[in-house]
Structure formats: C-alpha cells, structure tokens
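All heavy atoms count here, side chains included; hydrogens, waters and symmetry mates do not.
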Amino acid sequence: MARHLITSALPYINGIKHLGNMVGSMLPADVYSRYLRQRGHDVLYICATDEHGTPAELAAKEQGLPVDEFCAQAHDAQKAVYDGFALAFDYFGRSSSPQNVEITQHFARRLNENGFIEERAIRQVYSPADGRFLPDRYVEGTCPHCGYDKARGDQCENCTRVLDPTDLINPRSAISGSTDLEVRETKHLFLLQSKLQHEVEAWVSRHEADWPQLASSIARKWLNEGLHDRAITRDLDWGVPVPADTWPELAAEGKVFYVWFDAPIEYIGATKEWSDLDPENRDWKSWWYEADDTVRYTEFMAKDNVPFHTVMFPATELGVREPWKKVDYVKAFNWLTYYGGKFSTSQKRGVFTDQALDILPADYWRYFLIANAPESDDSSFTWEHFTATVNKDLADTLGNFVNRVLSFSKKRFGEEVPQGSAAGEAEAKLGEQIAELLAEYEAQMEALQFRKAAAALRALWSAGNSYLEEKAPWLEIKTDKDGAALTLRTAMNLIHLYAVVSEPFIPASAKVMREAFALSDDTATWVSPEEAKALAAVPAGTAFTVPPVLFAKLTDDDLAAYKERFGGEPAQ
C-alpha cells in the first residue's frame, strides 16, 4: 500500500478557532487520513500550532503573559479542542520547537549559499510611541483594494490581497493605536522569488491539472502577476532567530524569520518532533527527503493559504537545491460563512470550536461540516440548516434505523441476532444496491470530493431505511416470523457495515454501533463492495445490545436557544 503524508494548514496560536477554520483544513484532512488508514495505507498526518509572528505577541500582550508562556498554554488549549473533535493527528507539534528552528535556519543558509537570499536596506514603519519598528501585522488600516478598514499590513482579511504596511490607508499601530508613524531605514533579508519564477512555473505546470480548480487558479494568478522578492525577516522578540554564523549583524539586532517563511517548514519540523520521540522506530527523513517516488503528499487548506503553499513554499524548497518532498495534491477550500457573513477569529463572529463542543458532541459537527464543505464555492452556516441536517440525516436516517432494528429485534427475538429464513430476492437486490453505493462512496473519498462522499454515505444509510420500509418486519412477523427474523438479521448487518464505513465521518458513533455486537473476531478495517453484497459479517446467534440514542433530534426550542446565544445573522 502507498505511503500518504498529510498536512493541514497550521492554526494560528492566537485563540480557539472557529468552525470555518475547522472545515477548511483540519477536519477534512482527518476524515481523509482515517479513510486511508482503514484501507490499509501507511499514513502520517502532521499538524502544529503556528506560534510565531505578531498574532502571538499581540495575543500574549493582551493577556499580560510572556509570549512563550502564552503559546504553551494556547497550544494545549487548542489541542484539547482538537482531541474533542476526535482529530487523529499522528503528531500535533509547535512551530516554536527546536526542530523547526534547526531546519528553518538550515533552509535559510542553503538559500543564501545558492544566491536566493539578499540583504537589503528598506524603509519600514516606525512608531515613536512604541519605540520600535512595526512588523507588518503590527500595522492596521484601510485596504487600498477593497476599502476594508481593519486590514493588516501583511494581508487583507476581507479580499485576501497580500499587502505591505505602507500600502494601507490611514495606518495605525496595532500595539498602541498611535497614528503618529514614521518610515525609517532598516535592513532585512529578502527571498529572491523573482529568480525562481520559471522553476516554480514549471513545477506548478506539472501538477495543476490534478489539483482542484480553486488551488490551480490561485497559483496561476500569482504566477501570472509575477513573483516578487519578499522580506523574510521581521523585527520581533519571538520567532526563529536569524543565525549569527551567517548574518551576524542582523542576528545582533534581534531579527527573526517571517512567520510565513518558517511556518510551512514546520511541517517538516513537526515530523522530526514526532520522529525524535521514538527515533529507533520513526524516520522523519523518509517522509520528506528523497521521497518523491515513495510518498504521496496531500495538503489541506482554505483558499487564503493557497498562495503560500502552491508558490512561496515550493519556491523555498526549490531554492535550497536539496531533494525535499513537495506537495502532490493541494485540497483547497472556499470559506464557510455565518449567515452569509465571514466567520472571524479577530472579530469573534460565528461559532467557535470549543463552543460547538459545549453544545453537542463532535460527530454532529463533523458530519454537518463535511456534508456541507465549501468545496466548489463558499457555503453558509445557519442554525436552521444545521438543525435540519442533524434531524434528517443523523437522527432520522441513521440513528432511528439503528434504534428501530435493535429495539424491535430484542423485543421479539431476544438479545441474539435471529436466524430466520435464507436470504431471498429482496436481500440480493439490497446487496447489489449496497455494493454500488459503497463503490461510489469509495470513489468520492479517493477523489477527495467530500460533499459527494457524504451524499454517498447518506444514500447508504437511506438504502437500509428503504429496505426496512419495504419488508416491514413489524407486519411481517404476524404472518412470517422467519421472514421477519431474516429482515432484522439483514438490517443488523447493515448497521455493522455502517459502523465500519462511517468511521471517517462520525468515529464515536461508529464505535458505538460496532460495539453493539459481541463479535469475537471483529477485526475488519474496511468492507469492500463485493464483501458488502453478502451482508453476513454479523451471523445469527451473535449477542447484541441496544445502545443509547445515537443522535438526539434538535427541537424548535434548541434552535431558538442557539440563535439567541450566537445570533441569527452576521454582525455588521
């Protein structure tokens, strides 16, 4: 089986992430990783908190904590939420790790040796009120392209255009709010992306046909506009230090690398963190170095991160002139909106992941988000849509099927799977239908089409309900007890099948369904379409229990309470 390296965009350290962040990177990466593991592939799913740059310093300042202490606490808080969502990372690291410092500095030295880094004097915003140069995110103002009045000096959150602080209209310090800003000369390191333009273009051309249109179009737009040399150092107290053995003057001034230079390198750094925990059994380099023919590398991210992963980081990897693994497939997502307006960490708009887990278990959110993933376009979260999806798909279609079958069988046949008569025409027809739907589900998962995969999974669940309605064992038992027993045994086998194939989407509920049956050798990680036809994984005589209700239906009162707490429309 193939070796699959999977990464999702690193969440910023400054606060718990919202649902849009979850569905745009980490959750689909987890669903895909779980699926691949079940199919027998060797999978390494790596992520980490992105801890450098101004978001960390500003958030630490707001909480009155040293930045390293703030980052340690925030990392643990984020990891607890991701554990709550059952994200099965192989390792969740930290970009402030010694491993990332080591590898980032190595990349910088190699780029310098190869002529792709240049020291330049630039004019930079200086705040007399703060007594310091202001890195890009320490400057806020109005975007010159779209007029958004809370744009940051590196990128406009509203239109995603990359900016320089001097581009902003009416700029102000993010530290003090002072508008008394000056422009002074200072020195920084620049990555000469312009010298790598043709190499990046050639690399993108070899891959873009396989990528989603969203990823390839963004990469092509950046390349068509031309790659510009960009500063990769900043005046910050917290970050990967510029190595003194290569740039002693800048190191003495306390320069650190730009967060978007070191953050993608943390994918490699986090893999080394993982490997260093068990070096005798884990080889981080086998995943990243000279691995083009042995590893399939898939990245997951929202569209605002696409330029950095399809252009800037590949340029860095190409420039070091070493055989580091570059991404094979970029799964890019549009945005999940909140009633048509943007989720926003900085503006605290929308539902945040810790709040979501306070309301309902993770499987409710996992299913809804993936079933409505913003793949082809932005999609909107509304409480009305959420409650309707939970009630229809989870509570009625899946949960009710499980409860009806097991409760009725226990009542009429006891706590063992009944034997009943031999399978007949209806069961053969059902087996063919299930095999076809399962093959469709597999195809969509392989293609990383998550909404279509969810639709195929939902169709699998619906097929069980249709079979149950057609056979009507509650009526059948009055005239044909063995026929009713067959119907229930077949339906129980469907429940077991659902448990296996639904695990990537709803792992906790899948576990409950699977454990309802006392099978001594229940070791299958997947069921092929051909195997599914027989619907015979749970034989007659197997003991079973009726689990608690898998999914509670959400009421009008629940809906009203959610809207009262979070609002039913975006903030203006």
query = Side chains of Ser286 and Arg3: is there a donor and an acceptor less than 3.5 Å apart?
reply = yes
key: Test item: Arg489 side-chain N/O and Gly420 main-chain N/O as donor-acceptor pair under 3.5 Å   = no
inquiry  = Would you call the rings of Phe381 and Phe386 parallel, tilted or perpendicular, taking 30° and 60° as the class edges?
reply    = tilted
ask   = Looking at Thr49, Asn100, Ile13, which one forms a side chain to side chain contact (heavy atoms under 4.5 Å, CB included) with Ser95?
value = Asn100
ask   = What distance separates Glu273 CD from Gln99 CD, expressed to the nearest 0.5 Å?
value = 5.0 Å
key: By side-chain hydrogen bond (donor to acceptor under 3.5 Å, both in side chains) - contacts of Glu317 (at least two apart)   = none
query = Is the closest side-chain donor-acceptor distance between Thr310 and Trp211 under 3.5 Å?
reply = no
request  = Taking the side chain as every heavy atom from C-beta outward, state whether Lys429 and Tyr467 have any pair of such atoms under 4.5 Å apart.
outcome  = no
Over 12 foreign heavy atoms within 6.0 Å of CZ, Arg220 = yes
His4 vs Leu44 side-chain heavy atoms within contact, under 4.5 Å = no
task = Carefully, step by step, assess Leu406 and Val402 under the rule side-chain contact (heavy atoms from CB on, under 4.5 Å).
result = CA-CA 6 Å; Leu406 297 180; Val402 173; 3.9 Å; yes
key: Non-hydrogen side-chain atoms of Leu559 and Leu554 separated by less than 4.5 Å   = no
message = Please identify which of these residues, Tyr329, Phe300, Tyr267, Trp222, meets the ring pair (Phe, Tyr, Trp, His ring centres under 6.0 Å) condition with His309.
response = Tyr267
task = Would you mind reporting whether Trp474 and Leu468 have side-chain heavy atoms less than 4.5 Å apart?
result = yes
Residues which pass side-chain hydrogen bond (donor to acceptor under 3.5 Å, both in side chains) with Lys221, listed by chain and number, not counting sequence neighbours = Glu225
inquiry  = Measuring only between side-chain heavy atoms, which start at C-beta, is Asn21 closer than 4.5 Å to His18?
reply    = yes
request  = I would like to know whether Glu299 and Lys331 meet salt bridge (charged side-chain N to carboxylate O under 4.0 Å, His left out); could you show each step before the answer?
outcome  = CA-CA 6 Å; Glu299 290 179 342; Lys331 178 61 179 178; over 6 Å; no
ask   = Is a side-chain donor-acceptor pair under 3.5 Å present for Ser528 with Glu531?
value = yes
message = Taking Pro11's backbone N and O only, do any of them form a donor-acceptor pair with Asp50's side chain (distance below 3.5 Å, no angle check)?
response = no
request  = Assess the side chains of Asp278 and Asn281: does a donor N or O sit below 3.5 Å from an acceptor N or O?
outcome  = yes
key: Any donor-acceptor pair under 3.5 Å from Asn403 side chain to Val549 backbone   = no
ask   = So, the side chain of Gln78 versus the backbone of Gly15: is there a donor-acceptor pair under 3.5 Å, distance only?
value = yes
ask   = Just checking, any donor-acceptor pair under 3.5 angstrom between side chains of Arg458 and Tyr367?
value = yes
message = Regarding Glu476 and Thr487, do their side chains bring together a donor and an acceptor under 3.5 Å, going by distance alone?
response = yes
Cationic tip of Lys410 above Phe408 ring, under 6.0 Å, 45° of axis = no
inquiry  = Tell me whether the count of non-hydrogen atoms from other residues, nucleotides or ligands lying under 6.0 Å of NZ in Lys452 goes above 12.
reply    = no
ask   = What's the verdict on side-chain contact (heavy atoms from CB on, under 4.5 Å) for Gln433 and Leu430, showing C-alpha distance, side-chain angles and the deciding distance?
value = CA-CA 5 Å; Gln433 181 186 16; Leu430 175 65; 4.1 Å; yes
inquiry  = Asp378 vs Lys303, test: side-chain contact (heavy atoms from CB on, under 4.5 Å). Steps then yes/no.
reply    = CA-CA 10 Å; Asp378 292 350; Lys303 59 186 175 183; 3.3 Å; yes
query = Would you find a donor on one side and an acceptor on the other, under 3.5 Å apart, between the side chain of Ser409 and the backbone of Val405?
reply = no
request  = Answer whether the closest heavy-atom distance between the side chains of Arg366 and Phe505 falls below 4.5 Å.
outcome  = no
request  = Check whether any side-chain heavy atom of Arg451 sits under 4.5 Å from a side-chain heavy atom of Ser379, and report yes or no.
outcome  = yes
inquiry  = Working note: Arg514 + Val500, criterion side-chain contact (heavy atoms from CB on, under 4.5 Å); need CA distance, chi angles, decisive distance, verdict.
reply    = CA-CA 7 Å; Arg514 193 158 182 167; Val500 175; 3.5 Å; yes
side-chain hydrogen bond (donor to acceptor under 3.5 Å, both in side chains) against Trp288, all qualifying residues, sequence neighbours excluded = Thr271
Test item: Arg404 side-chain N/O and Asn465 main-chain N/O as donor-acceptor pair under 3.5 Å = no
task = Verify the distance criterion only: is there a donor paired with an acceptor across the side chains of Asp363 and Ser509 at less than 3.5 Å?
result = yes
query = Should the pair Tyr45 and Phe89 be assigned to parallel (<30°), tilted (30 to 60°) or perpendicular (>60°) ring geometry?
reply = tilted
task = State whether the side chain of Lys17 and the backbone N or O of Tyr12 hold a donor-acceptor pair below 3.5 Å, judged by distance alone.
result = yes
ask   = Should we say atom NZ of Lys326 is surrounded by more than 12 heavy atoms from elsewhere, each under 6.0 Å from it?
value = yes
inquiry  = Suppose we screen for ring-ring contact (aromatic ring centres under 6.0 Å, His included). Which residues come up paired with Tyr562, at least two apart in sequence or across chains?
reply    = Trp383
note = CD of Glu503 to CZ of Arg37, rounded to nearest 0.5 Å, is 9.0 Å
query = Can you list every pair that meets salt bridge (charged side-chain N to carboxylate O under 4.0 Å, His left out) and has a residue in residues 553-566, with sequence neighbours left out?
reply = Glu384-Lys563, Asp396-Lys553
ask   = Distance under 6.0 Å and angle within 45° of the ring axis: does Lys285 meet both against Tyr289?
value = yes
key: Heavy-atom side-chain contact between Phe333 and Glu375 under 4.5 Å   = yes
Euclidean distance, Leu460 CG relative to Glu436 CD, rounded to 0.5 Å = 10.5 Å
ask   = Hey, is the main chain of His385 close enough, under 3.5 Å, to the side chain of Thr389 for a donor-acceptor pair?
value = yes
query = Does Lys342 make a cation-pi contact with Trp335, if we ask for NZ or CZ under 6.0 Å from the ring centre and within 45° of the axis?
reply = yes
ask   = At what distance, to the nearest 0.5 angstrom, does CG of Leu497 lie from CG of Leu535?
value = 7.0 Å
message = If only side-chain N and O atoms count, and only distance matters, is there a donor-acceptor pair under 3.5 Å linking Glu446 with Tyr35?
response = yes
query = According to the interplanar angle, ranging from 0 to 90°, do the rings of Trp284 and Trp324 count as parallel (below 30°), tilted (30 to 60°) or perpendicular (above 60°)?
reply = parallel
Residue list, side-chain hydrogen bond (donor to acceptor under 3.5 Å, both in side chains) with Thr7, at least two apart or on another chain = Tyr297
query = Under 3.5 Å, side chain of Gln355 to main-chain N/O of Phe352, donor-acceptor pair present?
reply = yes
ask   = Has the side chain of Tyr441 got a donor or acceptor atom that lies under 3.5 Å from a matching backbone atom of Val501?
value = yes
